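Worksheet: one structure, shown below.
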Amino acid sequence: MRFSSLHMAKFSRSLCSSSSQNHWSPQNLFKQGFTPTLQSINQFLYFLLSSHRFDLIAHFVSQMSGNRVQGNSQTHSISAWALLKLNMFEEAERFIKTHMPKSSTFSKDPIWDCLIVGFSIHGKDPDRAFTLLQDSLMDYGVLPAYSTFRSLIHSLSSQGKITRALEVLELMNDDRVNYPYDNFVCSSVISGFCKIGKPELAIEFFHNSLNVKALKPNLVTYTALVTALCDLGRVNEVSELVCRMREEGLVLDVVFYSNWISGCLREGMLKDALQKHYDMVKEGIMSDAVSYTILIDGLSKQGSVEKTVGFLHKMVYTKLKPGLVTYSAIMLGFCRKGKVVEAFTVFELVKNLGIELDEFVYGILVDGFCRQGNFKLVSELLDEMETTGIRPSIITYNTLINGLCNAGRTSDADELSKGILGDIVTYSTLLQGYVEEDNVVRILDTIQRSKDAGISLDMMMCNILLKAHFMVGAIDEAYALYKGMQRMGLVADSVTYCTMIDGYFKVDRIDEALETFDEFRKSPISSVACYNCLISWLCKKNLVEMAMDAFLELIEKSSTLDAALTKNGGVLAAYELIMGPNDNVQGMDVVDYSLVVDGLIKEGHHIKALDICDIAEKRMNLRPSEVTYSTLIDNLCREGYLVDAKQLVDKMVVNGYRISTHVYNSLVNCYCKTGQIGEALKILSNMDTERLKPDEFTVSVVINGYCQSGNMEQALGFFSECQSKGTSPDFLGYLLLIRGLCTKGRMEEARSILREMLKSQSVLQLLSSVDNLSQTELVDGFLASLCDQGSIKEAVMIFLEAKSNIGDSLWTVCTDIEIHEDNTNIGKHSVQWKVHRTKGELKNVQ
DNA sequence: TGTACATAAG
């Protein structure tokens with residue numbers, strides 16, 4: 001008999017609703033007098049296939065074979081498809097291999113494509129997929145589709161299985177296959193190389209693609225290339241690349257920019273990163289959640305978590321959802337600043353949002369609480385992980401081990417490590433812990449343990465081992481390891497050299513130390529730390545002349561001495577040298593002195609900086625530059641050394657320098673802050689006689705002085721006096737005045753000052769450039785000092801009234817203000833603010 | 001269609 005389609009539909013309906021599947025098993029069909037032909041069975045199976053009842057097909061087919069009903073190739077094909085659709089890849093493979101004929105003629109068969117892609121993507125087993133690809137080509141005469149090759153290369157690359165991916169490429173190149181090579185493949189492989197930490201190979205691969213395969217790279221390939229460049233710290237080369245891309249007519253997108261920005265951030269180039277972000281926005285490219293997360297992560301790591309919350313607001317405002325990664329980055333930022341309570345608040349917020357947690361989040365908190373020595377909470381977190389079913393990996397264990405070591409509990413960490421399978425980080429951390437503790441026995445023990453565990457050394461481990469060897473007095477072993485590094489393909493870095501030099505000096509083997517230093521000089525590594533290590537030891541050993549030589553060489557070598565001096569105590573070494581008993585510092589000129597002075601100022605050694613100025617003048621008759629003087633005066637004022645600052649101003653006059661407004665401002669500011677407005681006004685009249693006009697800053701600090709002492713009348717008077725002379729306060733000056741009026745309840749006047757402010761060119765410029773994020777630091781500075789002075793809710797309220805002409809920029813400012821005020825209440829506030837913002841009910845914000 | 005974001009050790 002033949003199934004009519006009506007019959008079929010009825011039959012099928014009963015299948016779906018029937019309580020017992022046995023009604024339609026072949027057994028029952030036979031019992032009920034059905035003797036379906038193979039053709040009708042196939043038709044039925046095909047019907048099931050097209051109505052997506054794959055489970056029924058599988059069941060039916062197994063019943064068929066149970067009843068010895070043989071299918072034909074069509075039956076098999078349908079069965080195989082059903083298994084594939086059910087993601088039963090193993091079964092599908094077996095089925096296909098037993099039922100499909102082998103052949104040597106090349107033809108296409110989508111079922112193989114589906115199987116291969118199934119394993120490589122859904123089954124997450126691209127290795128198996130690769131084997132199948134080979135089988136299909138070699139044994140079954142099936143040529144999988146181009147897209148199958150590509151998707152296999154992609155999943156192999158994304159798992160870092162580059163060798164395999166390249167094998168697939170080879171196959172694509174095979175005469176019988178001869179598929180083209182394109183950007184899809186190229187970008188995947190480049191990113192694969194980066195994933196396994198071989199960006200240099202990624203770049204080589206890229207150039208090969210261009211030269212050998214004549215590939216014309218597109219945006220995605222270039223984006224992958226940028227990752228490789230940034231991984232190598234070569235972010236500076238990206239601009240040039242971008243020029244080339246633009247010449248080729250390519251238009252950048254958010255992913256490209258994100259990559260670039262991420263590279264800048266990793267190199268510590270915060271300003272550049274923010275500038276790129278601004279450029280991107282200006283080009284009309286919308287930020288997405290990932291690009292914001294990259295910025296947030298970068299800011300967090302630079303120690304500016306507070307600013308990240310501004311970006312969070314911005315994300316929410318632009319309807320982007322911060323994800324777990326975003327919040328993790330913020331938590332990390334708080335933890336790094338020791339603000340674990342804030343980090344924990346964010347953690348709770350994430351939980352409340354119903355976001356599923358992962359090991360990362362816990363790892364960050366574990367690290368944070370370890371650093372606080374709060375191991376009770378750490379253990380609670382670990383318990384929580386267990387109950388949530390998140391298994392700690394070696395990374396979390398290492399975090400904990402590191403935490404214990406840093407807390408001086410290395411032996412506890414050691415115990416913990418014995419219960420897990422340690423990796424290279426585990427052992428280097430433990431070793432480092434024992435080195436810190438000077439524990440020779442345990443150092444030797446740990447070295448042995450890591451050897452037994454078959455840990456192969458990397459550079460970090462070597463550096464720690466070197467230190468450990470020196471510590472236990474195994475100098476020759478240290479030397480042997482140092483020499484052996486090259487054989488292991490490990491290149492000594494600055495830490496290696498410092499460790500060797502330091503170690504040799506400690507045991508008084510000065511010749512060897514100098515020899516190592518010589519090797520360092522011949523190496524391509526430039527490290528100020530090594531110089532400083534040597535210099536400070538030479539000083540300690542009373543080899544001052546040699547130290548001076550080294551110091552002069554350092555100055556000569558460093559293109560930017562000031563960068564050189566500010567790191568690793570170099571500036572203090574310079575100070576000691578200059579102030580030392582010998583006066584053989586002829587090599588230094590006025591620029592060098594200024595750099596040392598600036599370095600000392602930057603590190604907060606103001607009095608030492610003064611010393612250097614003095615000695616330079618006395619010994620060499622060298623005078624600091626005007627900039628050096630000004631900076632020093634400014635910093636002395638900031639630190640409250642008003643007398644020294646004034647003396648220095650006098651000295652400037654004696655030395656024939658004209659005193660600039662900037663220098664006067666430093667003094668005025670200092671007087672105002674310490675409540676000596678009378679003195680400040682004297683400076684003002686001084687300025688007047690010298691025909692120096694007060695600037696925005698001058699006006700602002702004087703207003704601040706009056707406000708602080710509650711003298712609103714005089715503040716207002718001074719304000720209008722300056723206004724009439726054509727000088728307005730700056731942004732902060734206005735805000736301080738407004739705030740002062742608000743706290744006195746003089747809202748009407750506050751509002752009129754606000755209206756004045758919104759007419760001020762410089763304020764408008766500042767506000768409109770808030771989106772230009774390199775400016776936010778400036779605004780942040782204002783806001784931070786504002787908030788230092790107490791509640792500013794009133795100012796914020798008035799601000800919000802003025803929404804119309806500033807728009808989004810204002811929004812950013814306001815949220816920033818809020819953040820500065822209270823950054824622990826992120827969740828609660830942001831929701832409130834958002835609601836008011838969207839309803840346009842800005843006036844009602846409480 | 002591929003490309004971008006988070007935890008540990010010197």
Side-chain angles (χ1 to χ4, degrees), chain A residues 146-147 150-151 153-155 157-158 182-192 194-195 202 217-228 230-231 252-263 265-266 287-298 300-301 322-333 335-336 358-368 370-371 392-406 413 422-433 435-436 458-468 493-496 498-499 529:
Chain A
Y146 183 33
S147 61
R150 288 202 309 196
S151 94
I153 286 178
H154 176 243
S155 60
S157 298
S158 65
D182 65 8
N183 277 293
F184 186 107
V185 171
C186 184
S187 53
S188 300
V189 175
I190 290 175
S191 112
C194 292
K195 270 200 188 97
N218 67 4
L219 178 63
V220 177
T221 301
Y222 278 124
T223 307
L225 179 66
V226 168
T227 310
C230 291
D231 283 354
L252 310 192
D253 68 355
V254 65
V255 182
F256 186 93
Y257 266 112
S258 301
N259 250 331
W260 195 3
I261 289 169
S262 159
L265 290 167
R266 270 185 280 163
S287 291
D288 62 8
V290 174
S291 71
Y292 272 121
T293 303
I294 288 168
L295 277 174
I296 286 172
D297 180 58
S300 274
K301 286 186 175 144
L324 186 59
V325 181
T326 321
Y327 289 113
S328 300
I330 293 172
M331 287 166 60
L332 178 82
C335 284
R336 292 245 170 122
D358 64 3
E359 195 200 344
F360 273 95
V361 188
Y362 281 102
I364 291 165
L365 282 179
V366 165
D367 189 46
C370 277
R371 282 173 205 275
S393 72
I394 186 68
I395 291 186
T396 303
Y397 282 116
N398 285 339
T399 308
L400 185 54
I401 287 168
N402 179 46
L404 287 165
C405 288
N406 287 334
D423 68 358
I424 191 160
V425 177
T426 318
Y427 289 106
S428 45
T429 308
L430 285 173
L431 209 46
Q432 173 65 20
V435 167
E436 291 289 317
D458 67 358
M459 242 218 342
M460 256 194 214
M461 185 66 168
C462 277
N463 289 341
I464 300 169
L465 267 177
L466 286 174
K467 217 167 166 183
D493 69 356
S494 63
V495 179
T496 316
C498 282
T499 309

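As the structure is a computational prediction, the values presented were derived from the model and not from experiment. Chain letters run A, B, ... following the sequence lines, proteins first and then strands; every chain starts at 1.
In this view, A:Glu359 and A:Ser393, A:Thr396 satisfy the side chain to side chain donor-acceptor pair (under 3.5 Å) rule, not counting sequence neighbours. Partners of A:Tyr257 according to the side chain to side chain donor-acceptor pair (under 3.5 Å) rule, which considers only residues two or more places apart in sequence or in another chain, are A:Glu283. Shown here are the side chain to side chain donor-acceptor pair (under 3.5 Å) partners of A:Tyr327, two or more places apart in sequence or in another chain: there are none. Checked against side chain to side chain donor-acceptor pair (under 3.5 Å), A:Tyr222 has the following partners two or more places apart in sequence or in another chain: A:Glu248. Take A:Asp182 and apply the salt bridge (Lys or Arg N to Asp or Glu O under 4.0 Å) test, not counting sequence neighbours, and it matches A:Arg150.
Remark: of the listed residues A:Ile294, A:Asp297, A:Thr227, A:Ile294 is the sole one forming a side-chain contact (heavy atoms from CB on, under 4.5 Å) with A:Ser262.
Backbone-only contact: A:Thr429 has heavy atoms under 4.0 Å from sugar-phosphate atoms and none from a base. Residue contacts for A:Thr223: at a heavy-atom cut-off of 4.0 Å it reaches a base atom on one of the strands shown. Heavy atoms of A:Asp231 sit nowhere under 4.0 angstrom from any nucleic acid atom. Here A:Asp297 lies in heavy-atom contact (under 4.0 Å) with sugar-phosphate atoms only. Using a 4.0 Å heavy-atom distance criterion, A:Arg266 is classed as making no nucleic acid contact. Heavy atoms of A:Asn463 sit under 4.0 angstrom from at least one base atom. Within the nucleic acid shown, A:Asp182 has no heavy atom closer than 4.0 Å to any nucleic acid atom. Among the atoms of the strands shown, none is found under 4.0 Å from any heavy atom of A:Ser393.
Taking every nucleotide of DNA chain B with any atom under 4.0 Å from a non-hydrogen atom of chain A, the first and last of them, 5' to 3', are B:dT1 to B:dG10.
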